[in-house]
Amino acid sequence: MKNGFLLFLGLFSALGLSWAGIVLGSYAQLGALAPYYDDSEAQSFPQRLPGIAARGQLVYRDLNCASCHTQQVRRPDFGSDQARGWGERQSVARDYIFQPWVQLGQARIGPDLTNLQSRKPTAPDEEDLMEMLYAGQGAMPAYRFLFVDRPVVGQVSEHALALTGSLRPAPGHEIVPTARALALVAYLQGLGTGYDYPEAKPAVGGGEPK
Amino acid sequence: MTAQAQVAPEEASTVGSAGRLPLLLLLGCGILWLLAAGVLGLVAAIQLHAPWFFENCRILNHGRVEALRESIWIYGWVGNAGLCVALWVLARLGGEPLRAGNLVVIGAGAWNLGLLVGLAGIVLGDGTALPALQLPGYALPVMLAGYGAMAVSGVLSWAGRRRSVMFASHWYAVAALFLFPWIFSAAQVTLIWVPVRGVLQAIVDGWYTQGIWSLWMAPLALAGAYYVVPKATGRTLPSYDAAALGFWCLVFVGPWTGGRHLIGGPVPAWISSIAIVASVTLLFHYLIVLINLRWAFGGGGVALKFVAFGLAAYALGGLVDAVTSMRGVALLTQFTHFDSAQQQLAFSGGISLMLFGAVYFAVPRLAGRPWASGALMTGHLVLAVVGVALLAVSLGAAGLIQGAALNEPAVPFAEIAERTRTWLLVATAADSLILFGNLLLAANFIQTVACRCGRDQEAVTP
Amino acid sequence: MSGPPSRDPRQVPAAVNDENLLAAHEKLLGHQPDDRANYRLLPLGILFFLSGLILFSATYLNRYAGHFSATIYNETQKPSTGAAAVAKIDPIAMGKRLFNTPGACVTCHQPTGEGIAGVYPPLAGSEWAQGPEDRVLRILLDGLTGPVTVKGTAFSASSMPAFGPSGSNWSDDKIAAVLTYVRQEWGNKAPPITADKVAAVRAQVADHGVWSASDLLQVK
């Protein structure tokens, strides 16, 4: 190749083509994705997370939980996502339009969290989540820096963890979650897709969409 | 072209004097970052099978360690060493001394300072949790400016070259220098400054990740490889007329693999289908590169051996990528350690080993004296190759076990951790081998560059 | 170089200098000013491989790219041929949800359908709820006022609000669903009501206003 100009032209067009195809193409299709209004429920979906849960997503992001957890459910006939109770249908683009920082994740060292509030057979409640964050569980490490161990002053705090066995704090002490822990757990409890959009209707193996 | 070609005596120092400080500085920073990435990689690997390791440390929880390691490896190691190799090769092939050396120093300072600020940001909680772009927004423009300053030198060398016809290394080096700022700034703007909405973030991030892989990292490594192989073997590259095809294949097809990790994900099917098709088409590029550089496999010095192993890892990584992108295989390997195995093969194997080859070739010519220790060179080679091979195999095995277990709904995650434990231990051992090898490189480098003890008189054949 | 390359591996010797490297490769591309251009076909094997890859890519994209549609997430899915399949909503589930909406039915008639003695009539076992469709639809669409007797008990001043256009303005689907639910819950056994029927009755009673029990008993 002799001509420097041609080289630059080629490089720029290669980059531009892929940018146009992938980024602009998806933007054209998904950029203006609007919430879906359901007549019978008289609401639009998805719904935004309430304030503390929205802050919880920032905690999730800064701790980079996405390095071990995904937030995308695959369709029922592709993997065991549905069988594990992670969701009845595939996640679609509309599920994420109101999330400021989408945390899809690329690794499942831990389970998928898309529909944590409606996980089958049992969804973890606030206590379970707090305890799991405090003590760790299986391959998940503990996150003690999200909690404060302090002496009880007067009454036991409202949010103090009810721990048993070896996890119990010293007598006269309580374990209280910090604001970050409260936000994170509120976020985790708010995770759920909640609505079946038309494009999300599963079509098993090549049939017409139901 | 034979080994007995005469060389004008002044050629030995064209790049040497002007380019010595900036390029050795870049390389030194790069090696330091490489060691840091190695340590963090070791911590992360240990945390996979021993979650209690650094678990309550707010700076070093697993997520942040991964973010730090990745950023340091990409922007610290490849950013510095890759730039050093590209600028050096362009200067050598240009036949002129390195231009704008001061700009290179300033640029390197800005780049590394920006990186440091960004890493501090991640530690303090401003990380973006975007794969390959974890650094917070405030660090990025500084890095971009630094990169621009460094790239100026390369562009000047290329524009002022003596012979008008370009060599393969020219294409790859110019591509890397020219395209990175565009990709970097496009990603910054659309992901951090004016973020796109919803899953578009994941799509743009995928485009960015595959973009810097195929349009920046791979060209930097290949620029070095395409230079080292004919220089070290003394033979012209076979099927050299196909090299241009291989180059254009990489450049045009590479970034289209952006949807590679979104198979089955919340994006329209065409995005992942195009990525799959692109990954497979990219096999053509790997084939051409292997054909062109096959004389690297014929034995030779340490540098050539590094390039050879790097090439093998690069091509193998590409093959594995193509195979695992097929949806049937992705069903088993997606979201598992197998993805890490392929990435480590391509990154720590392909890119790093090829860069090491170029570095081993460049430093004697930059420093004006030979490497301090041949034993350290060979030691590094053995440790690096064995480490990378072991890492790829162990993570791959762990990934397959994990994938099979994930697809059985009844297996709980604690059980999966148990089943993969042994392989993850082996992977940790492999990581430590790689780190130790890089320590040998660092020791050798410091001795070569800093110590002036009586080796100045040894002539270095250019 | 003045001699054979040094054997010292620490020197990482080069076998050729840069000038010759560039010149030799330039020659391969046939760009020397006084050489004829030498082009040769790519070896057949490489050509075949490239063609094979292109063929694979084209075929794969044809089958599995979902026609590049924004709404096809499953690559094995064929796009719908036109009339979008309307999702079949289970009317009883929807009806239950509507019944239990705070401020709708459950507030007065209670989740058990028993109502409150003397104030709100029961729906469980009610002859009005299980009675003729036209009657119960009029109650829902325009409301009920005045005395009414349900299951033998007299309620002196009923004040059932309207759920039709003059009140909460529920759609045909919703009214049909909630009535279908009520008519099969708590032991009720009455046939379901369709949205078409609701639409028909709505047209019939347009602008009627609130009903009284005696008027309703005239309706069959």
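Just so it is clear, the values below take in all heavy atoms, side chains as well, and ignore hydrogens, waters and symmetry mates. Chain naming here is simple, since letters A, B, ... match the order of the sequence lines and numbering starts at 1 in each.
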Spacing of [atom1] belonging to [X] relative to [atom2] belonging to [Y], to within rounding of 0.5 Å:
{"X": "A:Leu11", "Y": "B:Leu215", "atom1": "CG", "atom2": "CG", "result": "8.5 Å"}
{"X": "B:Arg197", "Y": "A:Phe98", "atom1": "CZ", "atom2": "CZ", "result": "6.5 Å"}
{"X": "A:Gln106", "Y": "B:Gln343", "atom1": "CD", "atom2": "CD", "result": "8.0 Å"}
{"X": "B:Leu200", "Y": "A:Leu30", "atom1": "CG", "atom2": "CG", "result": "5.5 Å"}
{"X": "B:Phe247", "Y": "A:Leu7", "atom1": "CZ", "atom2": "CG", "result": "5.5 Å"}

Any chance [atom1] of [X] has more than 12 other-residue heavy atoms, nucleotides or ligands included, within less than 6.0 Å?
{"X": "A:Glu127", "atom1": "CD", "answer": "no"}
{"X": "A:Trp101", "atom1": "CH2", "answer": "yes"}
{"X": "B:Ile59", "atom1": "CD1", "answer": "no"}
{"X": "B:Glu55", "atom1": "CD", "answer": "yes"}

[Y] side chain reached by [X] side chain, heavy atoms, under 4.5 Å:
{"X": "A:Ile109", "Y": "B:His337", "answer": "yes"}
{"X": "B:Pro255", "Y": "A:Ile22", "answer": "no"}
{"X": "A:Pro141", "Y": "B:Phe54", "answer": "no"}
{"X": "A:Ser13", "Y": "B:Phe252", "answer": "yes"}

Inset, instruction - Under 4.5 Å, heavy atom to heavy atom: which of residues 14-21 of chain A reach chain B? Give them by number, or say none. - result: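 Within residues 14-21 of chain A, near chain B: A:Ala14, A:Leu15, A:Leu17, A:Ser18, A:Trp19, A:Gly21.
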Inset, instruction - Residue by residue, scan residues 59-72 of chain A and write down, ordered by number, those that have a heavy-atom distance under 4.5 Å to chain B; if none do, write 'none'. - result: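 Under the 4.5 Å heavy-atom cut-off, A:Arg61, A:Asp62, A:Leu63, A:Asn64, A:Ser67, A:Cys68, A:Thr70, A:Gln72 qualify.
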What option among [options] has the most heavy-atom pairs under 4.5 Å with chain A?
{"options": "B:Ile183, B:Leu262, B:Asn56, B:Val199", "answer": "B:Asn56"}
{"options": "B:Glu415, B:His261, B:Glu66", "answer": "B:His261"}
{"options": "B:Gln134, B:Gln47, B:His170", "answer": "B:Gln134"}
{"options": "B:Ala168, B:Pro266, B:Gly258", "answer": "B:Pro266"}
{"options": "B:Ala414, B:Gly206, B:Gly264, B:Ala417", "answer": "B:Gly264"}

Inset, instruction - Would you please indicate if the ring centroids of A:Phe8 and B:Trp158 are separated by under 6.0 Å? - result: yes
Inset, instruction - Select, from A:Leu58, A:Asp81, A:Val23, A:Leu146, the one with the greatest count of heavy-atom pairs under 4.5 Å involving chain B. - result: A:Val23
Legend entry - Qualifying side-chain hydrogen bond (donor to acceptor under 3.5 Å, both in side chains) pairs with a residue from residues 20-31 of chain A, counting only residues at least two apart or across chains: A:Gln29-B:Trp270
Report which part of [X] has an atom under 4.5 Å of a heavy atom belonging to chain A: side chain, backbone, both, or neither.
{"X": "B:Thr128", "answer": "both"}
{"X": "B:Asn61", "answer": "side chain"}
{"X": "B:Leu332", "answer": "neither"}
{"X": "B:Val251", "answer": "both"}
{"X": "B:Ala44", "answer": "neither"}
{"X": "B:Trp207", "answer": "side chain"}
{"X": "B:Pro268", "answer": "side chain"}
{"X": "B:Ile416", "answer": "side chain"}
{"X": "B:Ile274", "answer": "neither"}
{"X": "B:Ile271", "answer": "side chain"}

Legend entry - Minimum heavy-atom distance B:Gln334-A:Arg74, with the two atoms named: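 Between these two residues, the closest heavy atoms are OE1-NH1, 2.7 Å.
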Quick one: does [X]'s side chain have a donor or acceptor within less than 3.5 Å of a partner on [Y]'s backbone?
{"X": "B:Gln201", "Y": "A:Pro100", "answer": "yes"}
{"X": "A:Arg84", "Y": "B:Val411", "answer": "yes"}
{"X": "B:Arg327", "Y": "A:Phe78", "answer": "no"}

Legend entry - Per-residue contact mode, A:Leu33 against chain B (heavy atom under 4.5 angstrom):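 Interface part for A:Leu33: both.
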Inset, instruction - Go through the atoms of A:Gln90 and report whether side chain, backbone, both or neither lie under 4.5 Å from a heavy atom of chain B. - result: side chain
Legend entry - Pairs satisfying salt bridge (Lys or Arg N to Asp or Glu O under 4.0 Å), at least one member in residues 248-262 of chain B, at least two apart: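 Non-adjacent pairs meeting salt bridge (Lys or Arg N to Asp or Glu O under 4.0 Å): B:Arg260-B:Asp321.
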